[in-house]
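First up is the structure itself, then whatever we jot down about it.
When a ligand or atom number is given, it counts from 1 through the structure's own listing order. Remember, it's a predicted structure, so these values are computed and weren't measured experimentally.
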Amino acid sequence: MIVMKFGGTSVQDAKAIDCAAAIVRKRLHERPVVVVSALAKITDQLLAMAAAASAGNREKALELSRAARERHYNTASDLLGTHAFEQIAPELEADFNGLDELLRGVVAVGELTLRTTDSIAGFGERVSSKIAAAAFSQRGIESAHVDSRRCVVTDETFGKAVPHFEDTDARLSEVIRPLLDRGRVPVMGGFIGATRDGISTTLGRGGSDFSAAIVGAGLNATRIEIWTDVDGMMTTDPNLCRQARRIKTISFEEAAELAYFGAKVLHPATLLPAIRKNIPVLILNSRNAGCEGTRITASSPKSRNVFMAIAAKKRITVIDVVATRMLMAHGFLKSIFDVFAYHRCPVDMVSTSEVSVSVTVDSNESIAAIAADLAKLADVKYEGRKAIVCLVGENIRSTPGIAAKVFGAIGDVNIRMISQGASEINISFVIDESDVPIVVSRLHDVFFSEVDPEVFA
Ligand code: ASP
Ligand code: MG
């Protein structure tokens, strides 16, 4: 069997869902399980409803809900026609009434718990999956809607719940297998799960890729397809460099390094359950279904190019911590990182000397407070508008002279920090945000002017 996951833009309206049905139809012989996101932007809107309700703004919350209701009804009736729409309308109506009830409840108690937030946030996938299942059936694909909360068992970390894999795998076998055996196409919502007590949870924003991997791993899929609105992973951002090429095949390890930079295409955590089971993940474009996309596998074929991709991440702040009196002292790094931990701020790149530490973080509101706390330990300065440029490729391991070639190509650019990670498949460095276009296009010229046709399109 295979898993086919359709992201928000691939189910955004009747036309998109119709297109998804056509894509699924071509795969019926492979016994697909379909995982869908909420219609594009709906999760954001649901969170806006929750926020309005908790701020006591009843009118706004209900108005947003009414707009979402209308969009779902329109999508469903466009897809199904009057007769079939009338069959599922009562169920959708009950769902949306339930949502409104929840929102009124939040207004009434004047409090929004994480638990309630998850019930509201996961609503989009609950209804999108019902609509998709009905649309598929109506197009002659024998499908069965499955409430993912019956299958994906998680802990109680509302907002970013962690799956209990053993329970989940057992439930998947129990619920999904019999449907597949009867020739049905199970259609389930991504992003959502439930605790052992049946309380709704979500897996974190962008979590429906993760759902696809959980389902694929649990059912030992031969392949997981992530249908989105781009042709796959690229050698670099095509907006930065028009020569960007599609990557045909990449290793899990390389894709994971890039995921932090290209989270728009792929949620990093997606890969984990699939890696464990050695299941290939394909990124495919539902608007260009003929394109073969990007195939992510445990080990990629050896490329003649050193790098697979050049990624750049903007909105980075570099924080420098200098403490001469710490020379030869121990515990210095720990006390610094404790500050970041206390502020729940992830640190990305780190470089150290005997008396100083530089770290990068995504620019965020708590940096001033972090700096103030660090200033109790040492001298601190910080600077925003930086970018991390990252070159990824397993061939770095076996190719001498790479750093010289990289930095030689951009010898006139000011480089603020350099790091070559323990994974040995990534060279990263920090520059001014404004230097990103020139740096990326020069490096792309050097490393991708000729490409291995087995690996790049
Ligand atoms: N709908 C959810 C979100 O927007 C999950 C997903 O689409 O992956 O975060
Ligand atoms: Mg997504």
May I ask which of G8, A40, G189, S208 has a heavy atom nearer to atom 6 (C) of ligand 1 than the others do?
S208
Side chains of S434 and D432, donor plus acceptor under 3.5 Å
no
Do E111 and S54 have a side chain donor and acceptor closer than 3.5 Å?
no
Contact atoms of ligand 1, heavy-atom distance to R205 under 4.0 Å
3 (C), 4 (O), 9 (O)
Going by the order shown, which atoms of ligand 1 are within less than 4.0 Å of some heavy atom of S37?
6 (C), 7 (O), 8 (O)
Polar contact flag for G206 and ligand 1 (N/O pairs, less than 3.5 Å)
yes
Could you say whether the N/O atoms of D209 and ligand 1 ever approach to under 3.5 Å?
no
Salt bridge check, D362 against K313: does any charged N sit closer than 4.0 Å to a carboxylate O?
yes
What closest approach, in Å, do H444 and A244 show between heavy atoms, and which atom pair accounts for it?
NE2-CA, 3.7 Å
Looking at ligand 1, does G7 have a heavy atom less than 4.0 Å from it?
no
F123 ring center within less than 6.0 Å of F96 ring center
yes
